[in-house]
Protein chains: 2
Amino acid sequence: PDISSTTFSVIENAFSLVFASFLGAAVFFLVSRRDVARAYRTSVTVCGVVVVIAAYHYFRIFESFKSAYGVAGGVATPSGEIFNEAYRYMDWIITVPLLVVELILVMGLVSARRRSLLYRLVPAAFAMIALGYPGELSTDVATQWLWWGLAMIPFVYILFVLFGEVSKVIQDQPIEVQPLFRVVRVALVATWMFYPIAYLFPILLGNTGLALALENIGYAVADLTAKAGYGLVIFLIAKRKSELER
Amino acid sequence: PDISSTTFSVIENAFSLVFASFLGAAVFFLVSRRDVARAYRTSVTVCGVVVVIAAYHYFRIFESFKSAYGVAGGVATPSGEIFNEAYRYMDWIITVPLLVVELILVMGLVSARRRSLLYRLVPAAFAMIALGYPGELSTDVATQWLWWGLAMIPFVYILFVLFGEVSKVIQDQPIEVQPLFRVVRVALVATWMFYPIAYLFPILLGNTGLALALENIGYAVADLTAKAGYGLVIFLIAKRKSELER
Ligand SMILES: CC1=C(/C=C/C(C)=C/C=C/C(C)=C/C=O)C(C)(C)CCC1
Ligand SMILES: CC1=C(/C=C/C(C)=C/C=C/C(C)=C/C=O)C(C)(C)CCC1
């Protein structure tokens, strides 16, 4: 749709803000990984890898958005080029399993338990993203609702298992990191909830500038917290645990 | 051929996904190499180098694919520019020998044995790629089959020797890494098989959008597993061995 040039600028600037944050987060995690004990280092490395991948995708999304509109006289008009939002799905299919891995590694579980969690959660994460994707490609509202509903099944399963697992593990963690694990537990559910909601904006509000802005700013906030913010908490847990074990 | 804009998007997104994965894998391997003992560090470094090279080639393939089509009104029409698939061969000619090197280094063989394997496998890898290349350039089906058949000879030889060597070496490895070597052995055969099959799609299905999609997604999956997935297993072997020796 035609959107106001203000809406266009706000979205464009939000994309740029997220890119810059991920760039900074990437440098932070990759440089700081050596400050934590060997046992938690891979977890922090994965935090870094996730934001590198996310930075790349935001760069692409930013460029794709800019080329999809021509701005003139206070109005941004579609240029004919596609605004390729599917980059988000390409991002999630890589980063969601990695976010699960980060958390599992920093919990310091015994390897059999770790393996069992990975074998359940990673396929569920793939299924969730793969089931959301056809709805993203479609322009038919019924189809979009259908795939949304199907993707919600693995979504609920993942959150349920992760929340339960963190809750179980909290008791075994050193008292000093228990509050951080409580933060992770809430952050997981709170930030992941953004995604299925942001997905619904264009369905509920139709093809308008407002829906476009809400959807993309919703995803931007969610991506920042679910990747950089969450990574920071993982790093803090790793650091605290390293100090305790030293 | 004209292809639908959905097919175009799916292929474009697959290229981007692979690029992003290699970028993430490169950061991971290059940063994590210091987490393994000196004896296995070169092996992990080579894993990083392979995915850097592969990321570069996927960037080129992505750009070449985009410039080869113009998308309008739900159809992607050839723009007249060539979709340069030969980048793949340029990639393989560098990375296939390096993949062989990674594996040989992490096995920790005595140096005479290592040398003998390299002298047999590296030339065979060159021959395999070089023999496949004329078939890729040709548009004549008989010519394509001919070079495919010739390239299959070194292909079978390489897999035969590598599979045999890994099988022989497994007994001498610490019990803790034997399952990982078994994964490598299967992964090698399973992922490498994709290549001669993906090559055949355009020959068997003709010059269609479906053949283009299957060929490129086939290669994408194969590249991801043969480079990043395989590198990850090499890294895990190196890490486990380092811990055992510490
Ligand atoms: C349930 C659901 C979805 C959930 C997506 C989620 C939960 C994505 C999480 C992404 C994260 C955590 C990225 C952070 O890096 C989709 C695919 C939008 C489709 C509609 C239904
Ligand atoms: C047998 C055969 C081929 C084999 C290619 C292979 C086996 C490539 C492997 C590439 C890898 C492992 C890359 C990963 O980084 C070609 C050249 C397609 C030509 C047709 C016959």
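Numbers restart at 1 for each chain; the letters A, B, ... are given by sequence-line order, proteins then strands.
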* What part of A:Ile93 gets closer than 4.5 Å to chain B, counting heavy atoms only: side chain, backbone, both or neither? -> side chain

* To do: May I ask you to say whether A:Arg41 pairs ionically with A:Asp35, meaning some side-chain N is under 4.0 Å from a carboxylate O?
  => no

* To do: Could you tell me which portion of B:Glu12 (side chain, backbone, both or neither) has an atom closer than 4.5 angstrom to a non-hydrogen atom of chain A?
  => side chain

* **Region of A:Asn84 in contact with chain B, defined by heavy-atom distances below 4.5 Å** => side chain

* **Check: B:Phe15 ring centre within less than 6.0 Å of B:Phe65 ring centre** => yes

* Between A:Arg115 and A:Tyr119, do the side chains contain an N or O donor and an N or O acceptor separated by less than 3.5 Å? -> no

* Check: B:Phe235 ring centre within less than 6.0 Å of B:Tyr40 ring centre -> no

* Asked: Ring centres of A:Tyr133 and A:Trp147 under 6.0 Å apart?
  -> no

* So what's closer than 4.5 Å to chain A heavy atoms on B:Phe62: side chain, backbone, both or neither? -> side chain

* Structure fact -> If you tally heavy-atom pairs under 4.5 Å between each of B:Ser9, B:Ala14, B:Ala20 and chain A, the highest tally belongs to B:Ala20

